[in-house]
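Numbers here are sequence positions counted from 1.
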Amino acid sequence: MSGWATQPGLRTVQGQIEAGLAGILHSHPPTPVLTVAGRTDAGVHALGQVAHFDLNPDQADGLVRITRGKGRPPTPLAVMVQRRLSGILVTQPEIVLKSSIIAPAGFDARFSALYRRYEYRIADSVAGHDPLQRFRTTWHGFRLDGDAMHAAAATLIGLHDFATYCKPRPGATTIRTLQEFSWRRDPDGVLVASVQADAFCHSMVRALVGACVAVGEGRLSGDRLVDLRIERARTSEFKVMPAQGLTLLKVGYPADELLALRALETRARRELIDDTE
């Protein structure tokens, strides 16, 4: 599977779901387009991904009418969407539709989100290499200093310009609020990073993790991560970690009555007055 976003000639999550929708709604074009909370690259897993799509009245009515019969109430639209899509996606084992609901007014999967929470797993020499975890854990051949990595991660929390830790895109801002960044070593010895922000720019999580790995190896001092952030320039002092090991765990949203306001706030371009502290 080649990540989330539709790409010509490649199997992607968005492409397969939209193809399923096209099959279900072939009598009522056009096919809806999915809006996702966070686009993931190939190799990144997502346990808590959220996406939405819009149905026009004919499409919604066509789905509900499938189960209408004499004296039989129609199946709710959300139930019908999940049932039909899940039946098609059963041939795509990498994709599981966990639930389907009618979205509240003002909801936008991308712009209404308050945060995205990721986890990154590294098995160093303390944990050892477990072949059964190879698709969700990155292997590192030497022992890493988890305490130093945890202390370094904490220095990056807050509203900052993360240009150093992002792959630049023309016209896109790199200002983000990093709400949580911490490291722990699980009982099996695996180092796990918990990373949460209002949003992430391209490759940001894997770059943040890579910087901490350089600290854990002793190649960078912990306070150097702040200096690099302030410089706002791509650097060769650390490597961006591979997609393998990264999982999107959860996307958080405000109360229903605040969804539309949150979407407006998110669409406003982020500004930063002073990023030297």
Side-chain angles (χ1 to χ4, degrees), residues 1 3-4 37-50 94 96 98 113-158 160 162 164-166 176-226 228-229 237-252:
M1 191 69 68
W4 167 267
R39 294 195 300 176
T40 50
D41 294 331
V44 178
H45 299 291
L47 298 180
Q49 185 65 277
V50 179
E94 304 96 331
V96 176
K98 291 184 175 180
L114 290 171
Y115 65 83
R116 286 89 170 161
R117 182 180 302 155
Y118 284 85
E119 174 182 278
Y120 197 98
R121 293 167 47 89
I122 301 176
D124 62 0
S125 60
V126 175
H129 183 47
D130 183 354
L132 297 179
Q133 302 296 325
R134 66 189 183 279
F135 294 121
R136 70 186 192 106
T137 306
T138 289
W139 167 244
H140 190 282
F142 304 97
R143 181 188 177 97
L144 295 170
D145 186 340
D147 291 338
M149 294 164 67
H150 180 72
T155 66
L156 296 175
I157 293 174
H160 304 295
F162 285 96
T164 300
Y165 300 98
C166 294
R176 298 290 188 270
T177 300
L178 186 60
Q179 300 164 342
E180 177 189 346
F181 190 16
S182 62
W183 286 90
R184 70 178 189 271
R185 194 178 284 276
D186 279 355
D188 61 0
V190 173
L191 280 165
V192 182
S194 296
V195 193
Q196 179 176 304
D198 57 345
F200 291 94
C201 42
H202 193 213
S203 297
M204 179 174 166
V205 179
R206 293 191 283 137
L208 291 171
V209 170
C212 285
V213 167
V215 173
E217 293 172 334
R219 293 191 295 107
L220 282 182
S221 64
D223 55 6
R224 179 61 179 151
L225 302 195
V226 173
L228 290 171
R229 173 181 60 74
E237 293 188 45
F238 62 84
K239 294 181 179 179
V240 175
M241 296 296 285
Q244 178 184 342
L246 182 60
T247 301
L248 173 61
L249 296 180
K250 185 178 180 180
V251 183

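Note on residues 203-220: pairs passing side chain to side chain donor-acceptor pair (under 3.5 Å), not counting sequence neighbours, are D41-R206, H140-E217, E217-R219. Sequence neighbours left out, the pairs with a member in residues 178-197 that pass salt bridge (Lys or Arg N to Asp or Glu O under 4.0 Å) are E119-R184, D124-R185, R184-D186. Sequence neighbours left out, not one pair with a member in residues 125-134 passes salt bridge (Lys or Arg N to Asp or Glu O under 4.0 Å).
For R116, the salt bridge (Lys or Arg N to Asp or Glu O under 4.0 Å) test picks out no residue, with sequence neighbours left out. Residues satisfying the side chain to side chain donor-acceptor pair (under 3.5 Å) criterion with D223, sequence neighbours excluded, are S221. Under the ring-ring contact (aromatic ring centres under 6.0 Å, His included) criterion, Y120 pairs with no residue at all, not counting sequence neighbours. Residues meeting the ring-ring contact (aromatic ring centres under 6.0 Å, His included) test with H202, sequence neighbours left out: none. For R39, the side chain to side chain contact (heavy atoms under 4.5 Å, CB included) partners are W4, A5, V36, R169, not counting sequence neighbours. In this view, K250 and Y115, R117 satisfy the side chain to side chain contact (heavy atoms under 4.5 Å, CB included) rule, not counting sequence neighbours.
Between L178 and L208 there is a side-chain heavy-atom pair separated by less than 4.5 Å. When side chains are defined from C-beta on, L228 counts as touching F238, because their heavy atoms get closer than 4.5 Å. You'll find the side chain of L47 reaches within 4.5 Å of the side chain of T247, heavy atoms only. Contact of the R229 side chain with the L156 side chain is registered, since non-hydrogen atoms from C-beta on lie closer than 4.5 Å. For the pair E237/R224, a side-chain contact is recorded, criterion being any heavy-atom separation below 4.5 Å from C-beta on. Inter-residue side-chain proximity for F200 and F162 is flagged as unmet; no heavy-atom pair is nearer than 4.5 Å. With a 4.5 Å cut-off on side-chain heavy atoms, H160 and R176 do not count as touching. Annotation: side chain of Y165 is in contact with side chain of L225 (closest heavy-atom distance under 4.5 Å).
A donor-acceptor pair under 3.5 Å is absent between the side-chain atoms of T177 and the main chain of D198, judged by distance alone. A donor-acceptor pair under 3.5 Å is formed between the side chain of H45 and the backbone N or O of F135.
Taking both residues in full, the closest heavy atoms of V44 and A243 are given as CG2-CB, 3.7 Å, listed atom of the first, atom of the second, then distance. The heavy-atom pair separating Y118 from L246 by the smallest distance is CD2-CD1, 3.6 Å. Contact between C166 and M204 at its shortest, heavy atoms only, is SG-CB, 3.9 Å. Here the closest heavy-atom approach between residue A123 and residue T137 is recorded as N-CG2, 3.6 Å.
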Show me the donor-acceptor pairs within less than 3.5 Å that the side chains of residues 145-153 make with the rest of the protein, sequence neighbours left out.
residue: D145; atom: OD1; partner: D147; partner atom: N; Å: 3.2
residue: D145; atom: OD1; partner: A148; partner atom: N; Å: 3.1
residue: H150; atom: ND1; partner: W183; partner atom: N; Å: 3.1
residue: H150; atom: ND1; partner: W183; partner atom: O; Å: 3.2

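Rounded to the nearest 0.5 Å, atoms CD (Q244) and CZ (R136) are 11.5 Å apart. Taking SG from C212 and CG from L144, the interatomic distance works out to 10.5 Å, rounded to the nearest 0.5 Å. Separating the CG atom in L191 from the OG1 atom in T138 is a distance of 11.5 Å, to the nearest 0.5 Å.
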